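The residues of the chain are indexed from 1 along the displayed sequence. Indexing begins at 1, ligand by ligand and atom by atom, following the structure's order. Any value given below was found using the heavy atoms of this structure, including those in side chains, with hydrogens, waters and symmetry copies removed. In this text, all values refer to a predicted model and were calculated from it rather than measured experimentally.
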Amino acid sequence: MIIESRALWLAETNCYLVAPAAGGPGLLIDAPPDLDGLAELVNRHHVVPVGLLLTHAHLDHEGGARDAAARWAMRAYLHPDDEWLARDPRLQLATLLGAEFPPEVADQFAPPDEFAGLSDGMVLDIAGVSLEVLHTPGHTPGHCCFLHHEEGVLFAGDHLFAGSVGRTDLPGGDHATLLRSMADKILPLPDETRVLPGHGPATTLALERRTNPFLQQV
Ligand SMILES: [Zn+2]
Ligand SMILES: [Zn+2]
(Lines give C-alpha, C1' and ligand atoms only; values in the text may rest on other atoms or scores of the structure.)
(Ligands and ions follow the chains in the order given, each with its own letter.)
Protein backbone atom coordinates (compact mmCIF):
# COMPACT_ATOMS: atom_id res chain seq x y z
CA MET A 1 0.00 0.00 0.00
CA ILE A 2 1.20 3.49 -0.84
CA ILE A 3 0.93 6.16 1.86
CA GLU A 4 2.91 9.18 0.78
CA SER A 5 2.80 12.74 2.05
CA ARG A 6 3.89 16.18 1.02
CA ALA A 7 4.05 19.36 3.10
CA LEU A 8 2.48 22.04 0.92
CA TRP A 9 1.61 25.74 0.91
CA LEU A 10 2.40 28.45 3.46
CA ALA A 11 1.43 26.34 6.46
CA GLU A 12 3.38 23.28 5.24
CA THR A 13 0.23 21.23 5.46
CA ASN A 14 0.75 17.49 5.11
CA CYS A 15 -1.53 16.08 2.46
CA TYR A 16 -1.57 12.35 1.84
CA LEU A 17 -1.90 10.09 -1.13
CA VAL A 18 -3.24 6.64 -0.26
CA ALA A 19 -3.50 3.88 -2.84
CA PRO A 20 -3.40 0.07 -2.90
CA ALA A 21 -0.67 0.17 -5.56
CA ALA A 22 1.04 2.42 -8.08
CA GLY A 23 -0.61 2.80 -11.46
CA GLY A 24 -4.19 2.49 -10.19
CA PRO A 25 -6.84 4.45 -8.33
CA GLY A 26 -6.14 6.20 -5.03
CA LEU A 27 -7.44 8.86 -2.72
CA LEU A 28 -6.15 12.15 -1.35
CA ILE A 29 -6.45 13.33 2.22
CA ASP A 30 -6.56 17.14 2.39
CA ALA A 31 -5.93 19.59 -0.39
CA PRO A 32 -3.76 22.64 0.40
CA PRO A 33 -4.11 25.48 -2.14
CA ASP A 34 -1.21 24.18 -4.24
CA LEU A 35 -2.45 22.21 -7.23
CA ASP A 36 1.06 21.78 -8.67
CA GLY A 37 2.24 20.21 -5.43
CA LEU A 38 -0.74 17.87 -5.34
CA ALA A 39 -0.21 16.91 -8.98
CA GLU A 40 3.45 16.17 -8.36
CA LEU A 41 2.52 13.84 -5.50
CA VAL A 42 -0.06 12.07 -7.65
CA ASN A 43 2.09 11.81 -10.78
CA ARG A 44 5.09 10.38 -8.97
CA HIS A 45 3.10 7.21 -8.29
CA HIS A 46 1.02 7.29 -11.47
CA VAL A 47 -2.09 7.15 -9.32
CA VAL A 48 -5.51 8.35 -10.43
CA PRO A 49 -7.25 10.06 -7.49
CA VAL A 50 -10.93 9.14 -7.25
CA GLY A 51 -11.83 10.80 -3.95
CA LEU A 52 -10.70 13.64 -1.69
CA LEU A 53 -11.21 13.34 2.07
CA LEU A 54 -10.99 16.56 4.05
CA THR A 55 -10.07 16.39 7.73
CA HIS A 56 -11.52 19.88 8.18
CA ALA A 57 -12.24 23.06 6.27
CA HIS A 58 -9.36 25.35 7.22
CA LEU A 59 -7.90 26.91 4.09
CA ASP A 60 -4.55 25.17 4.45
CA HIS A 61 -6.33 21.80 4.16
CA GLU A 62 -9.35 22.60 2.01
CA GLY A 63 -8.35 25.66 -0.04
CA GLY A 64 -7.30 23.48 -2.98
CA ALA A 65 -10.37 21.22 -2.88
CA ARG A 66 -12.30 22.92 -5.67
CA ASP A 67 -9.38 22.78 -8.12
CA ALA A 68 -8.38 19.24 -7.15
CA ALA A 69 -11.96 17.95 -7.39
CA ALA A 70 -12.32 19.53 -10.83
CA ARG A 71 -8.95 18.40 -12.13
CA TRP A 72 -9.45 14.75 -11.20
CA ALA A 73 -13.26 14.71 -11.52
CA MET A 74 -13.71 13.41 -7.97
CA ARG A 75 -15.92 14.10 -5.02
CA ALA A 76 -14.69 16.00 -1.97
CA TYR A 77 -15.85 14.68 1.41
CA LEU A 78 -16.29 17.00 4.39
CA HIS A 79 -18.23 16.84 7.65
CA PRO A 80 -21.27 19.15 7.36
CA ASP A 81 -20.36 20.97 10.61
CA ASP A 82 -17.40 22.53 8.76
CA GLU A 83 -19.24 23.67 5.62
CA TRP A 84 -19.74 27.20 6.99
CA LEU A 85 -15.95 27.56 7.26
CA ALA A 86 -15.41 26.30 3.71
CA ARG A 87 -17.99 28.79 2.43
CA ASP A 88 -16.31 31.78 4.12
CA PRO A 89 -12.68 31.93 2.94
CA ARG A 90 -12.64 35.67 3.60
CA LEU A 91 -13.29 35.13 7.30
CA GLN A 92 -10.57 32.50 7.34
CA LEU A 93 -7.99 34.72 5.62
CA ALA A 94 -8.80 37.46 8.12
CA THR A 95 -8.41 35.19 11.15
CA LEU A 96 -5.49 33.08 9.90
CA LEU A 97 -3.40 35.87 8.38
CA GLY A 98 -4.78 38.81 10.34
CA ALA A 99 -5.55 40.91 7.28
CA GLU A 100 -8.57 41.88 5.21
CA PHE A 101 -8.48 40.61 1.64
CA PRO A 102 -10.71 41.67 -1.26
CA PRO A 103 -13.38 39.19 -2.38
CA GLU A 104 -11.51 38.31 -5.58
CA VAL A 105 -8.56 37.06 -3.53
CA ALA A 106 -10.80 35.08 -1.19
CA ASP A 107 -12.57 33.59 -4.24
CA GLN A 108 -9.39 31.73 -5.15
CA PHE A 109 -10.04 29.60 -2.08
CA ALA A 110 -13.75 29.05 -2.73
CA PRO A 111 -15.01 25.51 -2.06
CA PRO A 112 -16.43 23.04 -4.57
CA ASP A 113 -20.15 23.54 -5.33
CA GLU A 114 -20.99 20.69 -3.02
CA PHE A 115 -19.41 18.23 -0.63
CA ALA A 116 -20.22 14.63 0.07
CA GLY A 117 -21.00 14.48 3.79
CA LEU A 118 -18.90 12.64 6.36
CA SER A 119 -20.40 11.30 9.57
CA ASP A 120 -18.98 9.66 12.66
CA GLY A 121 -18.47 5.92 12.36
CA MET A 122 -19.06 5.68 8.63
CA VAL A 123 -16.67 3.44 6.74
CA LEU A 124 -15.58 4.78 3.37
CA ASP A 125 -14.40 2.41 0.70
CA ILE A 126 -12.70 4.47 -1.97
CA ALA A 127 -10.21 3.15 -4.52
CA GLY A 128 -10.05 -0.12 -2.61
CA VAL A 129 -8.98 1.68 0.58
CA SER A 130 -11.21 1.28 3.62
CA LEU A 131 -11.18 4.11 6.17
CA GLU A 132 -13.35 4.67 9.23
CA VAL A 133 -14.41 8.24 9.91
CA LEU A 134 -13.88 9.44 13.48
CA HIS A 135 -15.62 12.77 14.09
CA THR A 136 -13.26 14.64 16.42
CA PRO A 137 -14.62 18.17 17.00
CA GLY A 138 -12.53 20.73 18.87
CA HIS A 139 -10.00 22.23 16.43
CA THR A 140 -13.07 22.88 14.26
CA PRO A 141 -16.66 21.66 14.81
CA GLY A 142 -16.54 19.27 11.85
CA HIS A 143 -13.00 17.96 12.20
CA CYS A 144 -12.60 14.26 11.37
CA CYS A 145 -9.74 11.79 11.65
CA PHE A 146 -9.53 8.78 9.32
CA LEU A 147 -8.53 5.36 10.60
CA HIS A 148 -7.14 2.53 8.47
CA HIS A 149 -7.72 -0.47 10.70
CA GLU A 150 -5.56 -3.09 8.95
CA GLU A 151 -2.56 -0.81 8.58
CA GLY A 152 -3.06 0.69 12.05
CA VAL A 153 -2.76 4.19 10.65
CA LEU A 154 -4.60 7.28 11.86
CA PHE A 155 -4.75 10.33 9.61
CA ALA A 156 -5.08 12.88 12.40
CA GLY A 157 -5.44 16.22 10.58
CA ASP A 158 -5.06 19.10 13.05
CA HIS A 159 -6.48 17.13 15.99
CA LEU A 160 -3.28 15.50 17.28
CA PHE A 161 0.36 16.30 16.47
CA ALA A 162 3.69 14.95 17.68
CA GLY A 163 3.95 16.66 21.07
CA SER A 164 0.92 18.88 20.65
CA VAL A 165 -2.74 19.19 19.71
CA GLY A 166 -4.66 21.47 17.36
CA ARG A 167 -5.09 25.14 18.24
CA THR A 168 -8.58 26.11 19.31
CA ASP A 169 -8.42 29.91 19.14
CA LEU A 170 -9.81 30.13 15.60
CA PRO A 171 -13.58 30.51 14.91
CA GLY A 172 -15.47 27.40 16.01
CA GLY A 173 -12.56 25.99 18.03
CA ASP A 174 -13.00 24.72 21.59
CA HIS A 175 -10.26 23.15 23.70
CA ALA A 176 -12.53 21.26 26.12
CA THR A 177 -14.34 19.72 23.14
CA LEU A 178 -11.00 18.72 21.60
CA LEU A 179 -9.95 16.94 24.80
CA ARG A 180 -13.31 15.16 24.96
CA SER A 181 -12.89 13.96 21.35
CA MET A 182 -9.40 12.75 22.28
CA ALA A 183 -10.74 10.75 25.22
CA ASP A 184 -13.71 9.31 23.33
CA LYS A 185 -12.24 8.54 19.90
CA ILE A 186 -8.43 8.56 19.92
CA LEU A 187 -7.13 7.33 23.27
CA PRO A 188 -9.02 3.99 23.02
CA LEU A 189 -6.98 3.12 19.89
CA PRO A 190 -4.06 0.66 20.23
CA ASP A 191 -0.63 1.89 21.32
CA GLU A 192 1.00 0.90 18.03
CA THR A 193 -1.32 3.13 15.98
CA ARG A 194 0.77 5.26 13.65
CA VAL A 195 -0.36 8.88 13.77
CA LEU A 196 0.05 10.85 10.54
CA PRO A 197 -0.77 14.47 11.37
CA GLY A 198 -1.71 17.50 9.30
CA HIS A 199 1.55 19.27 10.21
CA GLY A 200 4.96 18.05 11.32
CA PRO A 201 6.36 14.55 11.72
CA ALA A 202 4.57 11.25 12.16
CA THR A 203 4.37 9.68 15.60
CA THR A 204 2.70 6.80 17.43
CA LEU A 205 -0.08 6.78 19.96
CA ALA A 206 2.21 5.07 22.51
CA LEU A 207 4.77 7.88 22.24
CA GLU A 208 2.11 10.59 22.49
CA ARG A 209 0.53 8.91 25.52
CA ARG A 210 3.92 9.04 27.27
CA THR A 211 5.21 12.42 26.16
CA ASN A 212 2.44 14.70 24.85
CA PRO A 213 1.63 17.18 27.67
CA PHE A 214 -1.91 17.74 26.36
CA LEU A 215 -2.77 14.05 26.68
CA GLN A 216 -1.86 14.16 30.36
CA GLN A 217 -4.87 16.46 30.90
CA VAL A 218 -7.33 13.99 29.39
ZN1 LIG B 1 -6.67 23.53 10.94
ZN1 LIG C 1 -3.61 22.91 9.46
task: Determine the interplanar angle of the H56 and H61 rings, folded into 0 to 90°, and report it as parallel if under 30°, tilted if 30 to 60°, perpendicular if over 60°.
output: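 Ring orientation of H56 relative to H61: tilted.
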message: Parallel, tilted or perpendicular: which one describes the rings of H139 and H58, with boundaries at 30° and 60°?
response: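 Aromatic pair H139/H58 classed perpendicular.
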message: I'd like to know whether R6 forms a salt bridge (Lys or Arg N to Asp or Glu O under 4.0 Å) with D34, so could you lay out the CA-CA distance, the side-chain angles of the two residues, the decisive distance to 0.1 Å, and finally the verdict.
response: CA-CA 11 Å; R6 273 295 236 245; D34 178 354; over 6 Å; no
message: To make sure I understand the geometry: which N, O or S atom in H199 is closest to the Zn ion (ligand 2)?
response: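 In H199, the N, O or S atom with the shortest distance to the Zn ion (ligand 2) is NE2.
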query: Does L27 belong to the same Ile/Leu/Val/Met/Phe/Trp/Tyr cluster as W72, with side-chain heavy atoms less than 4.5 Å apart forming each link?
result: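 Looking at the clustering, W72 is in a separate group from L27.
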message: Is it the case that the side chains of T55 and D30 hold a donor-acceptor pair, with the cut-off being a distance below 3.5 Å and no angle test?
response: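 D30 vs T55: donor-acceptor pair found between side chains.
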- prompt: Would you call M122 and Y77 a side-chain contact if the rule is heavy atoms closer than 4.5 Å?
  reply: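 No, too far: nothing below the 4.5 Å cut-off.
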message: I want to verify a count. Protein N, O or S atoms less than 2.8 Å away from the Zn ion (ligand 1), how many are there?
response: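 There are 4 of them.
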